[in-house]
Protein chains: 2
Amino acid sequence: MPTGRPREFDVTKALDRALKVFWRKGYAGTSLPDLTKAMGINRPSLYAAFGNKEELFLRALDRYSEGPAAHIREALQEPTARAVVEHLLRGTIDLLTNPRHPRGCLLVQGALSCGETADTIRRELISRRAAAENAFRQRFERAITDGDLPADSDSADLARYIATVVQGMAVQATSGATRDELERVAVTALRAWPAGEPASPKRTAAGK
Amino acid sequence: MPTGRPREFDVTKALDRALKVFWRKGYAGTSLPDLTKAMGINRPSLYAAFGNKEELFLRALDRYSEGPAAHIREALQEPTARAVVEHLLRGTIDLLTNPRHPRGCLLVQGALSCGETADTIRRELISRRAAAENAFRQRFERAITDGDLPADSDSADLARYIATVVQGMAVQATSGATRDELERVAVTALRAWPAGEPASPKRTAAGK
DNA sequence: GTCGTAATGTACCATTTGGTAAAAAACAGG
DNA sequence: CCTGTTTTTTACCAAATGGTACATTACGAC
């Protein structure tokens with residue numbers, strides 16, 4: 001079976017380049033020339049390898065979730081709800097301020113508001129943000145039965161609150177907020193957390 | 001002195017129509033046909049009355065700040081820092097969920113990330129968000145000398161925190177969050193506020 | 001070598017983008 | 001009526017948009 005001409009570029013490397021452009025300019029703000037220049041390939045190669053702009057964005061989004069934004073999933077593994085949100089906030093700050101990649105968060109600024117052509121992507125991002133929030137809600141629900149969150153806590157409220165803070169921090173980051181500033185936001189935000197500060201476990205039953 | 005043909009449309013009404021389109025689709029996501037259709041005028045009339053797309057957006061932004069988003073300035077007039085942030089959060093929720101106009105906040109989603117053509121607008125929005133945050137910082141500074149915020153509070157941290165929450169709520173609103181959900185976010189967010197909850201005037205200063 | 005296959009480079013496509021030129025139309029003053 | 005002024009209408013513009021046709025090139029199998 002003939003194999004054809006071999007591909008001259010690294011697909012995942014090109015995908016990472018595309019990811020960075022989408023990350024910086026958003027889905028609609030990124031043009032095909034932007035992409036081909038950054039990826040070092042020409043248009044037909046892009047279409048042959050990735051389908052079209054929309055599919056390329058979705059593949060970049062998957063790579064984003066499993067790479068730079070992997071902390072979102074990883075945070076869920078922490079033993080306590082408090083550790084979960086601390087992991088999430090710390091990882092978010094790392095992501096948002098890492099000088100090796102664009103400021104901000106692709107899940108938020110990829111297509112927050114846009115014309116009709118980008119509406120599919122906008123909805124996809126909404127859906128993925130909702131999925132993440134939902135995963136945290138479930139995690140906090142378990143934390144309530146585990147006893148490391150007060151029994152009268154509302155897991156949905158807590159998940160929505162930290163999602164709001166994280167998304168707000170993404171806006172702050174694209175506006176130029178520094179790591180130090182975001183860390184202070186996280187400290188303040190954590191004052192709202194049910195269990196109180198680590199040094200004062202006087203709230204309710206501590207162990208599980 | 002001859003007066004010329006009279007204008008056949010209401011300028012401020014047309015501006016309001018333009019505002020709503022920008023609000024829903026963002027600066028870059030809004031096309032000239034989008035605008036002229038919504039405003040009920042044709043292109044040369046738009047250019048004669050407003051200059052160009054960029055100037056029209058800036059005028060719509062001014063109108064936004066003095067109309068739908070007037071609560072941001074008004075909140076600063078409240079007598080205590082606590083009342084200021086409660087006013088801000090309540091007004092923000094009203095703005096974000098009012099069914100009479102688009103979901104979300106023009107200051108956030110007008111141009112969060114974009115290509116080169118919208119970069120001027122993006123920077124302008126960053127600057128206006130920063131100006132608002134700064135106004136709240138100054139207000140909280142005064143609250144510290146007034147004594148209605150603990151002396152060891154950091155006014156900049158508090159202002160950045162509530163700005164983060166408000167901007168996060170804007171993202172939540174464009175994602176479909178309801179008024180009830182946003183109200184619960186506000187309640188949770190207020191638990192981080194220095195003075196504590198209204199029912200418990202005992203503040204246990206912890207710092208960080 | 002020849003053949004089949006798949007990638008590449010160039011050139012192109014229709015549509016949409018923001019922005020205008022120019023003529024027609026509606027008013028006020030004389 | 002005519003004249004000056006400003007808006008409206010229609011038509012157009014160059015540039016950029018996402019997406020392809022097509023010929024060329026590089027490989028593996030025979």
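Below, chain A is the first sequence line, B the second, and so on; all start at residue 1.
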**Request:** Report the residues that fulfil side chain to side chain contact (heavy atoms under 4.5 Å, CB included) with B:Val171, sequence neighbours left out, ordered by chain and then residue number.
**Result:** A:Val108, A:Leu112, A:Arg129, A:Gln167, A:Val171, B:Ser175
**Fill in**
When rounded to whole Å, the CD1 to C1' distance for the pair A:Ile41 and C:dA7 reads 11 Å
**Request:** Determine whether the side chains of B:Ser113 and A:Gln109 contain a donor N or O and an acceptor N or O closer than 3.5 Å.
**Result:** no
**Fill in**
Rounded to whole Å, the NZ-P distance (B:Lys25 to C:dT16) equals 13 Å
**Rounded interatomic separation in angstrom, taking CZ from B:Arg7 and C1' from C:dA26** = 14 Å
**Complete:** Judged by nearest nucleotide, the residue sitting upstream toward the 5' end of DNA chain C, B:Gly51 or B:Pro6, is B:Gly51
Only distances under 3.5 Å count here; give the side-chain donor-acceptor pairs of residues 38-48 of chain A to other protein atoms, sequence neighbours excluded, each with its distance to 0.1 Å.
{"residue": "A:Asn42", "atom": "OD1", "partner": "A:Ser45", "partner atom": "OG", "Å": "2.9"}

**Request:** Please state how far atom CG in A:Leu46 lies from atom P in C:dG9, giving the value in whole angstrom units.
**Result:** 13 Å
**Asked** Using a cut-off of 4.0 Å between protein heavy atoms and nucleotide atoms, how would you tag nucleotides 10-19 of chain D 5' to 3' with B, S and -?
**Response** B------SBB
**Asked** At under 4.0 Å, does any side-chain N or O of B:Thr3 touch on OP1 or OP2 of D:dT5?
**Response** no
**Asked** Which residues pass the ring pair (Phe, Tyr, Trp, His ring centres under 6.0 Å) test with A:His101, sequence neighbours left out?
**Response** A:Trp23
**Complete:** Applying ring pair (Phe, Tyr, Trp, His ring centres under 6.0 Å) to A:Tyr161 and not counting sequence neighbours gives none
**Request:** Could you tell me the separation between the CE atom of A:Met39 and the P atom of C:dT8, rounded to a whole number of Å?
**Result:** 11 Å
**Prompt:** OP1, OP2 of D:dT25 versus side-chain N and O of A:Arg5: anything below 4.0 Å?
**Reply:** no
**Prompt:** Between A:Asp10 (CG) and C:dA7 (C1'), how many Å, whole number?
**Reply:** 15 Å
**Request:** Could you name each residue pair satisfying ring-ring contact (aromatic ring centres under 6.0 Å, His included) that touches residues 112-141 of chain A, not counting sequence neighbours?
**Result:** A:Phe140-A:Trp193
